[in-house]
A.B. asks: 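Below: one structure in structure tokens.
All figures in this text were calculated on a predicted structure; none of them were measured in a lab.
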Amino acid sequence: SLEFQSAMQIALECLFGWDPGRQKGKRGIFGKMEAYCRADEEQGRSTLHAHWLVWIQNFGHLRRLMFAEDEKTQKIARASYIAYINKVMSAAQCEF
């Protein structure tokens, strides 16, 4: 359990960019984090895993623009959303 908590703290600070001392985010792998919530669970074989809910700066605004009444605004927001997803996520097989 201590190793799991240490790994979660490393993920929080190094990957997500959260400063626990200041309780503020800086730039992480998804952008600037504004807040987070984490729930830890135990699986059937007593292994721990975490579920994260992360608020990223300006992401809510972009999501609202995707459902705007103006079709041009929707298209621009959709393109921005796709660019963001392509920037932070990838699925590629590594070659060793």
A.B. asks: Under 3.5 Å, side chain of Y81 to main-chain N/O of I76, donor-acceptor pair present?
C.D. replies: no
A.B. asks: Step by step, would you call F4 with T47 a side-chain contact (heavy atoms from CB on, under 4.5 Å)?
C.D. replies: CA-CA 9 Å; F4 176 78; T47 56; over 6 Å; no
A.B. asks: Is it the case that more than 12 heavy atoms not belonging to R38 sit under 6.0 Å from its CZ atom?
C.D. replies: yes
A.B. asks: Under 3.5 Å, side-chain donor or acceptor atoms of residues 12-25 against the rest of the protein: list the pairs with distances, not counting sequence neighbours.
C.D. replies:
unit_1	atom_1	unit_2	atom_2	d
E13	OE2	Q9	NE2	2.6
D19	OD1	G21	N	3.0
D19	OD1	R22	N	3.4
Q23	NE2	P20	O	2.8

A.B. asks: Nearest 0.5 angstrom please: I82 CD1 to K87 NZ, how far?
C.D. replies: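 Taking CD1 in I82 and NZ in K87, the distance rounds to 15.5 Å.
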A.B. asks: Show me the pairs that pass side chain to side chain donor-acceptor pair (under 3.5 Å) and involve residues 26-37, at least two apart or across chains.
C.D. replies: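 Residue pairs passing side chain to side chain donor-acceptor pair (under 3.5 Å), neighbours aside: none found.
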A.B. asks: Walk me through whether D40 and Q5 qualify under side-chain contact (heavy atoms from CB on, under 4.5 Å).
C.D. replies: CA-CA 10 Å; D40 298 336; Q5 293 301 331; 3.3 Å; yes
A.B. asks: Let me have the donor-acceptor pairs involving side chains of residues 50-67, under 3.5 Å, with sequence neighbours excluded, atom names and distances please.
C.D. replies:
unit_1	atom_1	unit_2	atom_2	d
H51	NE2	E41	OE1	3.3
H51	NE2	H49	NE2	3.2

